[in-house]
J.: 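Questions regarding the structure given below will be posed in turn.
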Amino acid sequence: MSTTMAITMTTTTRTLPVVDISPYLDPRSTSSQRQQTASLLDQACREFGFFYLIGHGVPEEVRLEMLQLGREFFALPAAEKEAISISKSIDKVRGYERLGENVTMGKRDVLEGLDIYREFPGEHNARLRGKQLWPERPSHLKEATLNYVDQLTKVGKALMCAMADALGKDGSEEAFDKLTQDPFWGLKFIRYPPLSTDEIADNEKGISCGEHTDYGGLTFLLADEHVKSALQVQDHEGGWIKADPMPEAYVVNIGDIINVLTNNEYTATVHRVIHNGNQDRISIPFFFEPSLSSVVEPLKSCVGDHGVQVPVSKVSYYEHMCNMLYGGRFVEPGAAVEKVIVNEISMKG
Ligand SMILES: O=C(O)CCC(=O)C(=O)O
Ligand SMILES: [Fe+2]
């Protein structure tokens with residue numbers, strides 16, 4: 001292993017901060033309780049761009065059921081999963097992706113997935129506006145997922161509101177409020193086999209999901225609690241912090257659009273997955289996204305002299321998503337991975 005590799009593999013013993021969102025969900029809370037949440041959130045967003053979220057109100061049995069549904073879906077025969085392959089969806093982003101088909105930073109990820117996005121009735125042809133492909137089994141996956149999304153959408157709105165208070169700058173309330181008016185969303189069921197798996201060629205192993213930032217608003221990650229040391233989050237010094245699951249908490253992170261809006265005061269932090277355990281890991285990120293029509297530029301009150309500023313002056317969320325999803329994200333098994341998609345905001349995958 002080269003020295004550079006050795007450095008990038010180092011994980012630190014730091015842990016992510018914990019934020020309690022309940023004061024923003026409970027109408028009986030006091031303003032000082034909300035202020036306390038906002039202040040912790042501000043620190044978490046500046047220092048890490050990642051934190052554990054508690055007090056979200058999503059029952060543990062609902063979360064466990066989602067993980068179980070994921071497990072059941074991935075255990076189905078290959079042909080049944082491939083019946084809803086992404087390549088069969090109208091807009092080519094919804095449905096099942098085989099192990100190794102998802103590409104990050106020019107390399108196949110060692111995962112299989114089921115990608116779900118908000119649907120727009122009547123508008124089927126445009127990119128990201130196609131019809132969702134749902135599996136026939138487990139039979140209640142669709143209903144459970146849509147209920148789960150409803151619950152997390154409320155939490156997403158509350159967290160955006162808390163974030164506006166946390167930032168506390170001129171125009172932040174209006175800007176965050178606008179982002180959540182007609183939110184888009186995505187949800188992905190993921191199965192990561194251990195990296196030692198013989199399901200994929202040796203030259204495609206090494207990392208389960210490559211370094212990247214998320215593209216939109218806020219990601220709420222639910223993951224198998226018994227699997228440790230898989231998700232890693234980059235700190236300001238380039239070290240890696242383990243983001244192991246914490247009981248009853250979501251691991252939440254900031255996406256590119258909030259990064260742009262706050263001119264990098266709140267960071268879209270780079271993360272990756274290296275799953276060396278000895279059993280499968282199921283994870284379910286929920287992406288609470290801006291409206292597809294959002295065009296975002298840095299708040300004037302955030303433009304100043306505070307270090308690294310974002311490399312773009314204005315970004316259309318829809319175009320950013322299309323750039324990230326349609327330029328070689330999915331590559332059929334056996335085909336050469338030809339392109340490295342570069343994220344124009346984070347310069348990652
Ligand atoms: O599975 C995980 O822990 C993280 C997944 C992730 O980062 C993503 O899908 O964007
Ligand atoms: Fe991610």
Side-chain angles (χ1 to χ4, degrees), residues 8-18 48 50-54 56 58-76 81 96-102 104 107-116 138 141 144-145 148 152 186-200 202 204-214 219-235 239-253 269-287:
T8 70
M9 300 305 276
T10 307
T11 50
T12 73
T13 51
R14 297 171 81 193
T15 54
L16 299 176
V18 179
F48 299 95
F50 254 89
F51 48 90
Y52 290 105
L53 190 80
I54 59 169
H56 48 74
V58 183
E60 199 55 14
E61 61 268 22
V62 169
R63 294 163 26 105
L64 293 175
E65 189 197 13
M66 287 295 286
L67 291 166
Q68 182 55 24
L69 286 167
R71 241 171 257 123
E72 283 171 28
F73 171 73
F74 291 118
L76 292 173
K81 293 185 279 186
Y96 174 63
E97 75 223 36
R98 284 173 282 198
L99 188 65
E101 222 164 21
N102 195 85
T104 307
K107 197 183 161 306
R108 292 178 184 279
D109 294 326
V110 184
L111 61 84
E112 63 177 323
L114 171 59
D115 288 7
I116 300 166
L141 183 144
T145 301
Y148 181 73
L152 271 185
L187 180 140
K188 183 171 183 135
F189 288 88
I190 310 176
R191 178 182 79 93
Y192 299 95
L195 279 168
S196 57
T197 185
D198 51 16
E199 296 172 90
I200 197 158
D202 280 346
E204 289 171 347
K205 293 178 185 168
I207 193 149
S208 310
C209 176
E211 292 180 20
H212 67 281
T213 57
D214 294 346
T219 305
F220 294 77
L221 183 82
L222 168 64
D224 261 342
E225 222 169 85
H226 61 277
V227 181
K228 309 283 183 225
S229 304
L231 175 62
Q232 301 178 2
V233 173
Q234 196 161 45
D235 66 18
W240 294 94
I241 303 170
K242 286 184 196 169
D244 288 348
M246 197 176 104
E248 309 207 347
Y250 284 99
V251 174
V252 172
N253 64 285
T269 303
V270 174
H271 52 286
R272 66 184 185 187
V273 177
I274 299 179
H275 175 43
N276 280 315
N278 49 21
Q279 50 187 310
D280 285 356
R281 171 178 187 259
I282 301 289
S283 81
I284 310 177
F286 167 70
F287 304 100

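We use all heavy atoms of the structure for the numbers below, so side chains are in, but hydrogens, waters and symmetry mates are not. Treat the numbers as computed from the prediction; the structure is a model and nothing was measured.
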J.: Among residues at least two apart in sequence or on other chains, which ones pass side-chain contact (heavy atoms from CB on, under 4.5 Å) with Ile207?
T.: Lys107, Arg272, Ile274
J.: When His271 is tested against each of Glu211, Gln232, His212 for side chain to side chain donor-acceptor pair (under 3.5 Å), which residue passes?
T.: His212
J.: Is it true that Glu97 and Lys188 have a side-chain N and a carboxylate O under 4.0 angstrom from each other?
T.: yes
J.: Do Leu141 and Leu114 have side chains that get closer than 4.5 Å, going by heavy atoms?
T.: yes
J.: Considering residues at least two apart in sequence or located in another chain, which fulfil the side-chain contact (heavy atoms from CB on, under 4.5 Å) criterion with Val62?
T.: Val58, Pro59, Tyr148, Gln151
J.: If you apply the rule side chain to side chain contact (heavy atoms under 4.5 Å, CB included), what do you find for Gln279 with Asp224, and how did you get there?
T.: CA-CA 11 Å; Gln279 50 187 310; Asp224 261 342; over 6 Å; no
J.: Apply side-chain hydrogen bond (donor to acceptor under 3.5 Å, both in side chains) to Glu72 and list each qualifying residue two or more places apart in sequence or on a separate chain.
T.: Gln68
J.: If you define the side chain from C-beta out and look only at heavy atoms, does anything of Val233 sit under 4.5 Å from Trp240?
T.: no
J.: Strictly below 4.0 Å, N to O, side chains only: are Asp280 and Arg71 in salt-bridge contact?
T.: no
J.: Answer yes or no: is there a donor N or O on one side and an acceptor on the other, between the side chain of Thr269 and the main chain of Phe50, under 3.5 Å?
T.: no
J.: With the side chain counted from C-beta on, respond yes when Val227 and Pro245 share a heavy-atom pair under 4.5 Å apart, and no when they do not.
T.: no
J.: Give, for atom CG of Leu67 and atom NE2 of His226, the distance between the pair rounded to the nearest 0.5 Å.
T.: 9.5 Å
J.: Any salt bridge between Lys81 and Glu101, counting N to O under 4.0 Å?
T.: no
J.: What pairs with Glu60 under side-chain hydrogen bond (donor to acceptor under 3.5 Å, both in side chains), at least two apart in sequence or on another chain?
T.: Arg63
J.: With sequence neighbours left out, what residues match Glu204 under side-chain contact (heavy atoms from CB on, under 4.5 Å)?
T.: Arg108, Ile200, Ala201
J.: Taking the side chain as C-beta and beyond, is there a heavy-atom pair between Phe48 and Arg14 under 4.5 Å?
T.: yes
J.: Just by distance, do the side chain of His56 and the backbone of Glu248 share a donor-acceptor pair under 3.5 Å?
T.: yes
J.: Does Leu187 reach the side chain of Met66, with side-chain heavy atoms less than 4.5 Å apart?
T.: yes
J.: Evaluate the side-chain proximity of Leu111 to His275: yes if any heavy-atom separation is below 4.5 Å, no if none is.
T.: no
J.: Can you say whether the rings of Phe73 and Tyr96 are parallel (under 30°), tilted (30 to 60°) or perpendicular (over 60°)?
T.: perpendicular
J.: Quick one: does Lys205's side chain have a donor or acceptor within less than 3.5 Å of a partner on Thr197's backbone?
T.: yes
J.: Under 4.5 Å between any side-chain heavy atoms of Ile282 and Phe189, yes or no?
T.: no
J.: With Ser283, which residues qualify under side-chain contact (heavy atoms from CB on, under 4.5 Å), at least two apart?
T.: Ile190, Tyr192, Leu221, Ala223, Arg281, Pro285
